[in-house]
Each structure stands twice: as structure tokens, then as C-alpha cells.
2 protein chains.
Amino acid sequence: MIGEKFKTLLSKNNLRLTSERMRLFNELKDSPAPLTINNLVKRTSDTLDQSTVYRNLDLFEELGVTHRVYTGWKYKVELSDSFKSHHHHMLCSNCGVVIEFHESKELIKDLDRISKKYSFNISNHSLEITGTCSNCS
Amino acid sequence: MIGEKFKTLLSKNNLRLTSERMRLFNELKDSPAPLTINNLVKRTSDTLDQSTVYRNLDLFEELGVTHRVYTGWKYKVELSDSFKSHHHHMLCSNCGVVIEFHESKELIKDLDRISKKYSFNISNHSLEITGTCSNCS
DNA sequence: TAGCTTATTGCGAAAAATTTGCAATAAGGA
DNA sequence: TCCTTATTGCAAATTTTTCGCAATAAGCTA
Ligand SMILES: [Mn+2]
Ligand SMILES: [Mn+2]
Ligand SMILES: [Zn+2]
Ligand SMILES: [Zn+2]
């Protein structure tokens with residue numbers, strides 16, 4: 001279970017599983033699209049203090065629980081590849097819908113080629129697309 | 001000339017070519033790597049007020065003179081494809097060096113395939129890579 | 001289960017980043 | 001050179017993010 005992995009990760013690092021952390025994690029897990037920090041602050045403001053949100057989002061990032069997605073104007077946060085399968089986004093600049101897609105083998109090959117060409121050791125990559133979705137076109 | 005294009009764009013939009021705008025534009029043009037807003041505020045603080053920097057960076061983005069690059073932690077600004085040829089970045093997470101590279105035909109084909117598959121009209125895309133450069137590996 | 005240690009929280013306030021109103025300035029057309 | 005008005009600098013307001021510290025509670029131990 002995905003939640004179990006989260007719990008294990010925390011205890012391995014001497015970190016406590018608090019209801020606040022669980023809440024934040026679930027908020028991310030249940031969201032169909034990446035969220036801004038502000039989204040998260042507002043969504044949890046009934047029980048979490050903003051400082052708690054900030055502190056834990058920092059922590060999540062350090063632990064590799066989340067990563068930042070730069071779709072649109074500001075960056076957003078979503079569960080990282082360890083908790084959600086690796087994927088990319090298409091953002092409709094008209095209606096704001098976010099479509100997730102998985103990369104092709106061609107892309108992977110291409111990254112590999114680039115890696116070799118520049119002797120660059122790739123640990124991470126992001127591919128974000130903007131445009132208009134089928135509805136809006 | 002690249003500067004000419006900038007000037008023309010301004011006048012076409014009833015915007016004035018001020019020394020402040022020119023300064024900002026040049027700062028971007030001369031930078032080998034994308035800059036944060038803060039970089040720009042500091043670099044120009046001898047003659048430009050911070051509000052002038054903010055206001056003009058907003059403007060540049062609206063006009064399509066610049067775009068945001070999400071490399072590393074915070075976003076950075078660089079001249080857009082109209083003023084600098086389309087490219088992508090590799091960021092070394094160790095030494096911070098930014099390597100620009102041009103995309104392959106394979107990537108273009110791949111984007112085309114994705115576009116068709118989802119009936120999504122792609123207007124823009126970004127591909128950012130992180131890892132370690134040849135020096136740091 | 002009760003007790004203990006200490007990581008974590010909420011709160012209030014500070015610091016940093018971004019935006020705004022307005023009078024003074026200067027770009028650029030007449 | 002004069003005039004119109006876009007643009008700037010300045011000071012202050014807002015918004016976002018960070019921080020210190022006392023109160024709380026997670027998780028281990030007996
Ligand atoms: Mn990928
Ligand atoms: Mn490209
Ligand atoms: Zn749409
Ligand atoms: Zn390096």
C-alpha cells in the first residue's frame with residue numbers, strides 16, 4: 001500500500017507519523033492534478049497551520065515524497081515517482097485542464113542519447129507541454 | 001539585429017523604449033544562463049528600482065519577450081524562442097552549471113505523436129534535465 | 001497502561017517577496 | 001521645441017514564507 005511506504009519512510013528517518021502529515025499526504029494522493037502550496041494551505045486550513053504545511057512540504061521534498069511540477073505560472077507539488085508512476089503533463093492554457101501522459105520509449109532513448117553526448121549523468125527530467133486540449137480547440 | 005526586434009515590438013504595442021527596459025533586456029541577452037527575478041533585481045539595483053524590474057518582467061512575459069524556465073528550485077527567466085533559439089537545459093545539481101542543448105528530431109516526432117494521440121494542440125513545451133555534469137561525475 | 005523523551009505543532013511575529021498609488025520624469029510624435 | 005501620456009522612483013501596503021518558543025502528542029520503555 002502506498003500509505004505504508006510513506007509511514008515506513010518516516011519511521012526510518014526518525015520522523016513521526018502525525019495526523020497533520022497524513023492529512024497532507026492524503027491531500028496530495030487524492031488530488032487528480034498537482035497543487036500549489038497555496039492550494040494546500042487553504043485546503044487544510046481547517047486543521048493545519050500554514051507553518052505546518054510549509055515545514056512538511058519542505059520535508060516531503062527532502063525525503064523524495066514529492067517533487068515540483070512547473071506547469072503554468074507557478075510551480076505545483078505532486079507525489080514523486082516513488083509514490084506515483086512517472087509521467088508528464090499537458091496543460092490546456094484555455095480551460096486549465098491537466099492531462100497526464102506516460103512517456104514513450106523513443107523519449108527514453110533520446111534522453112539516453114543526450115546523456116551520452118554530453119557525458120551528463122541524468123538523474124531526473126521533466127517534460128511539460130502547454131497548448132489547447134481537444135475540447136478547447 | 002535582436003535588439004531591433006525588441007524595439008519594434010515595443011513601438012508596435014505603444015510601449016516606450018526606455019533605458020530601463022533596454023538595460024533589463026540586455027542583462028537577459030548577455031546572460032549565459034537563465035536568471036531569477038532576484039538576480040535581476042540585484043544586478044540592476046544601481047539604476048533600476050525593484051518595482052520597475054517586476055513591472056517590466058511581467059510585461060516582457062506578456063509580450064513574449066521572455067519565458068520562465070523551471071530549472072532547479074525556483075523559476076528563472078530567459079529570452080524566449082523569438083529572441084534566442086529554442087533549446088533545453090541540463091542542470092548539474094552538484095556544481096550548478098547549466099548546459100543548453102537543442103532537441104533532436106526524434107523528440108519533435110515524439111511530441112507530434114503525443115499531440116495526435118490526445119488531440120492536444122501543442123503550443124509550447126519544456127524539457128528540463130537534472131543530474132551531474134561530466135566534471136562532477 | 002503509565003511514564004518519559006523529544007519531534008512536532010500552533011501561534012504570533014519577523015523577514016522576504018511582490019504589488020500598488022501617486023507625483024515627478026522623460027519618450028516620442030506633432 | 002512643445003505636448004501628451006507612458007513610465008519611473010519612492011514609500012508604503014500586501015502577500016508569501018520563515019522562525020522562535022512554549023504547549024502538545026507520537027512512539028518507545030518498563
Ligand atoms: Mn519522463
Ligand atoms: Mn524543445
Ligand atoms: Zn482546454
Ligand atoms: Zn557539475
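Scope of the values below: all heavy atoms of this structure, side chains included, with no hydrogens, waters or symmetry mates. Below, chain A is the first sequence line, B the second, and so on; all start at residue 1.
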For B:Asn56, does its backbone N or O pair with a side-chain atom of B:Arg21 as donor and acceptor, under 3.5 Å?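 No, the answer is negative, given that no donor and acceptor are paired below the 3.5 Å cut-off.
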
Please confirm whether the ring centroid of A:Phe120 lies under 6.0 Å from the ring centroid of B:Phe101.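 Between A:Phe120 and B:Phe101, the centre distance exceeds or equals 6.0 Å.
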
In this structure, is the centre-to-centre distance between the rings of B:Phe6 and B:Phe60 below 6.0 Å?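 When the ring centroids of B:Phe60 and B:Phe6 are compared, they turn out to be within the sub-6.0 Å range.
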
Heavy atoms under 4.0 Å, any strand shown: does B:Thr36 hit a base, just sugar-phosphate, or nothing?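 Nothing: the residue B:Thr36, judged by heavy atoms under 4.0 Å, touches no strand.
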
Whole Å only: how far is the [atom1] atom of [X] from the [atom2] atom of [N]?
{"X": "A:Leu59", "N": "D:dT18", "atom1": "CG", "atom2": "C1'", "answer": "16 Å"}
{"X": "B:Lys7", "N": "D:dA6", "atom1": "NZ", "atom2": "C1'", "answer": "19 Å"}
{"X": "A:Arg21", "N": "C:dT9", "atom1": "CZ", "atom2": "C1'", "answer": "10 Å"}
{"X": "B:Leu24", "N": "D:dG9", "atom1": "CG", "atom2": "P", "answer": "11 Å"}
{"X": "B:Asn56", "N": "C:dT19", "atom1": "CG", "atom2": "P", "answer": "13 Å"}
{"X": "B:Asp58", "N": "D:dT8", "atom1": "CG", "atom2": "C1'", "answer": "15 Å"}

Please list, pair by pair, any protein nitrogen or oxygen found under 3.5 Å from a nitrogen or oxygen in nucleotides 19-23 of chain D.
| unit_1 | atom_1 | unit_2 | atom_2 | d |
| --- | --- | --- | --- | --- |
| D:dG20 | O6 | A:Arg55 | NH1 | 3.4 |

For a quick check, with a 4.0 angstrom heavy-atom cut-off, what is the B/S/- contact string for nucleotides 12-17 of chain D, read 5' to 3'? ----SB

Under 3.5 Å side-chain donor-acceptor pair for [X] and [Y]:
{"X": "A:Thr47", "Y": "A:Arg23", "result": "yes"}
{"X": "B:Thr66", "Y": "B:Ser80", "result": "no"}
{"X": "A:Thr52", "Y": "A:Asp49", "result": "no"}
{"X": "B:Glu103", "Y": "B:His86", "result": "yes"}
{"X": "B:His125", "Y": "A:Glu128", "result": "no"}
{"X": "B:Asp110", "Y": "A:Ser104", "result": "yes"}

Should A:Ile114 and A:Tyr118 count as side-chain neighbours, where that means a heavy-atom distance under 4.5 Å?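 They are in side-chain contact.
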
Run the salt bridge (charged side-chain N to carboxylate O under 4.0 Å, His left out) test on B:Lys7 and B:Glu4 for me, step by step, so that the C-alpha distance in whole Å, both residues' side-chain angles and the decisive distance to 0.1 Å come before the verdict. CA-CA 5 Å; B:Lys7 292 176 188 175; B:Glu4 288 310 311; 3.8 Å; yes

Assuming nearest nucleotide by heavy-atom distance, tell me which of B:Leu10 and A:Glu20 is located more 5' along DNA chain D.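 With B:Leu10 and A:Glu20 compared, the 5'-side residue is B:Leu10.
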
Could I get a table of every N or O pair under 3.5 Å where one atom is in the protein and the other is in nucleotides 27-30 of chain D?
| unit_1 | atom_1 | unit_2 | atom_2 | d |
| --- | --- | --- | --- | --- |
| D:dG27 | OP1 | A:Leu17 | N | 2.7 |

